Amino acid sequence: MRLLSALLALTTFTLLSLATIGLPGTAHACGIETDCQIGERTYRIAMPPDGTAKGALIFAHGYRGTSKGTMRNQGLRRVAHEAGLAFVAADAGDDADWRIPNVPRNKNNDGSREFAYFAALIDDLVARHGLDRDMMIMSGFSAGGMVTWELACNRAPLFRAFVPIAGTFWAPVPRTCPTTPTDVVHIHGTADKIVPLKGRPIADTHQGDVFKALDLMHRQGGFGIHREFSAGELGCMRQTNDKGGLLVFCTHPGGHSIKSVWLKAALQIILAE
C-alpha cells in the first residue's frame, strides 16, 4: 500500500508539473537571470524587494555590453529600488552596439531600430509587469548615454526624464529635435578621455560635443538662467523653463566611469520636482 501511495503521489506531482509548462508566470517568466523576450530583442528586469514599483529606471549598457552584465551591478539596482522603481536592463542585441545615427562604421542608421525597440520595451513593461507608463526614466552609460540622448531628442514623450552618463550624440549634433524632453540630467567626468566633453574622432566618424548637446536642449526647451549647486562630488548647473522642465549638467573630476551615487543624485533631482 505504501508503495502504491508513493507511486500515485509521484504521478500526481509529475502531471501537475507538466500542466504548468507554458502557463504565464512559470516557464515564460523573466527577470534578473532570465531574458524578457519582445520580438527578436530582449531585456531583463529586477523588481523591488516588495514586488511593487511605480515605474521603471531603464538603463542602456555601454559598447559591447549586455543586459546580463548590467544586471550584475547591484548598486544601480538598489538605487532604482530605493526610488520605488523597477530596474530594467536594455539590450542592444547580437552586435552589442546601439544602432543610432552616425555610429562608427555604420553611419547610415537613422535610429528607427532602437526607437522601435524602446517603444516596444515600454509597452511590455506596462502589459507584462503592470508598470506606470508615465513613470519611465531612461538612463545609460557611454554608448548607452548616446542612445539616451537620441531618445531624448527623438522620442521624448515615451519617458518621464533622461539621465545620460558619459555619452552624447555622435557628430554632428542635431540642430533641432522633433520632440523635447521634460527633464534631462547629464553627468560627465571632466577628465574623461574615452568620451571627452568636446568629443574625439573614432573610425569614420566623430563623437559629438557635450556642450553643443546641452545648448541644443537649452534652445529647444527655452531654459533660463542657470543656478549652481553641489550633489556630493558632483558640481551641477541647473536650468528650468516656464513649463516646469529641468536641464541639469553635472560634472565630476574623474574619467570615463559611473557610480551608483551619481545616478541616485540624478533621480533625487528629478523626482523632487
Side-chain angles (χ1 to χ4, degrees), residues 48 53-60 73 75-88 90 131-142 144-153 155-169 177 179-190 192 195 197 210-211 213-254 256-273:
K54 57 188 176 184
L57 172 65
I58 302 172
F59 195 88
N73 193 319
L76 296 182
R77 284 160 49 184
R78 183 170 57 253
V79 164
H81 294 166
E82 288 174 351
L85 304 171
F87 181 69
V88 176
L131 300 182
D132 186 349
R133 186 180 295 276
D134 295 327
M135 189 53 72
M136 302 292 169
I137 297 177
M138 183 68 208
S139 184
F141 171 67
S142 193
M146 294 173 178
V147 75
T148 300
W149 267 106
E150 287 289 347
L151 289 165
C153 183
R155 294 295 186 274
L158 289 176
F159 299 91
R160 163 70 176 78
F162 299 84
V163 186
I165 302 172
T168 185
F169 298 100
C177 291
T179 62
T180 302
T182 301
D183 296 331
V184 176
V185 179
H186 181 91
I187 301 171
H188 218 111
T190 55
D192 193 333
V195 184
L197 285 166
V210 170
F211 298 104
L214 292 167
D215 183 63
L216 166 66
M217 285 296 111
H218 173 81
R219 291 183 284 103
Q220 187 89 13
F223 288 97
I225 298 173
H226 72 262
R227 177 175 66 83
E228 296 184 4
F229 68 99
S230 297
E233 65 180 310
L234 297 175
C236 304
M237 293 186 295
R238 172 193 182 109
Q239 296 176 286
T240 56
N241 61 19
D242 57 8
K243 298 179 181 178
L246 189 66
L247 177 61
V248 178
F249 175 42
C250 296
T251 60
H252 58 85
H256 195 66
S257 59
I258 179 174
K259 293 182 180 180
S260 59
V261 291
W262 301 340
L263 187 55
K264 180 176 182 177
L267 291 180
Q268 289 174 338
I269 292 167
I270 292 165
L271 297 178
E273 291 300 301

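Since the structure is predicted, the reported quantities are computational estimates derived from the model, not experimental observations.
- Looking only at side-chain heavy atoms (C-beta outward), Met146 and Val195 come within less than 4.5 Å of each other.
- Looking at every heavy atom in both residues, Gly145 comes nearest to Pro164 through O-CB, 3.7 Å.
- Residues Leu263 and Ile258 form no side-chain contact, since every pair of their non-hydrogen atoms from C-beta on lies 4.5 Å or further apart.
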Quiz item: So Phe59 and Asn73, side-chain contact (heavy atoms from CB on, under 4.5 Å) or not? Walk me through it.
Solution: CA-CA 11 Å; Phe59 195 88; Asn73 193 319; over 6 Å; no
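- When all heavy atoms of Ala265 and Leu234 are compared, the pair lying nearest together is CB-CD1, 4.3 Å.
- With Asp132 contributing its side chain and Gly55 its backbone, the two residues share no donor-acceptor pair below 3.5 Å.
- Proximity of Met217 to Cys177: side-chain heavy atoms (C-beta onward) are separated by under 4.5 Å at one or more points.
- Residue Asn241 comes nearest to Gly221 through the heavy atom pair ND2-O, 2.9 Å, listed as atom of the first residue, atom of the second, then distance.
- Two residues are said to be in side-chain contact when any heavy atoms from C-beta on lie closer than 4.5 Å; Pro181 and Leu247 fail this criterion.
- Residues Ala80 and Ala86 approach most closely at CB-O, 4.1 Å, considering heavy atoms.
- Heavy-atom minimum distance, Ile58 versus Phe159: CD1-CE2, 3.9 Å.
- Ring pair His252/Trp262 is parallel by interplanar angle, where below 30° counts as parallel and above 60° as perpendicular.
- From Ile269, atom CD1 reaches atom CZ of Arg238 across 7.5 Å, with rounding to the nearest 0.5 Å.
- Summarising the geometry of Ala152 relative to Ala156, their closest heavy-atom pair is O-CB, 3.5 Å, with the distance given to 0.1 Å.
- For the pair Leu271/Met135, a side-chain contact is recorded, criterion being any heavy-atom separation below 4.5 Å from C-beta on.
- Taking the six-membered ring where the residue is Trp, the centroids of His256 and Phe141 are separated by under 6.0 Å.
- A 4.5 Å side-chain heavy-atom check between Val163 and Thr148 finds every atom pair outside the cut-off.
- Going from atom CZ of Phe223 over to atom CG of Asp215 covers 12.0 Å, rounded to the nearest 0.5 Å.
- Side-chain contact between Val79 and Lys264: present, with at least one pair of heavy atoms (C-beta onward) separated by less than 4.5 Å.
- Note that the CE atom of Met136 and the CG atom of Leu131 stand 5.0 Å from one another [nearest 0.5 Å].
- In this structure the side chain of Leu216 reaches within 4.5 angstrom of the side chain of Phe169, judged on heavy atoms.
- One finds the CZ atom of Phe211 at 9.0 Å from the NE2 atom of His188 (value rounded to the nearest 0.5 Å).
- With hydrogens and angles disregarded, no donor-acceptor distance shorter than 3.5 Å links the side chain of Glu228 to the backbone of Met237.
- Residue Thr182 holds its OG1 atom at 6.5 Å from CZ of Arg160, rounded to the nearest 0.5 Å.
- Interatomic distance, Thr180 OG1 to Lys243 NZ, rounded to the nearest 0.5 Å: 7.0 Å.
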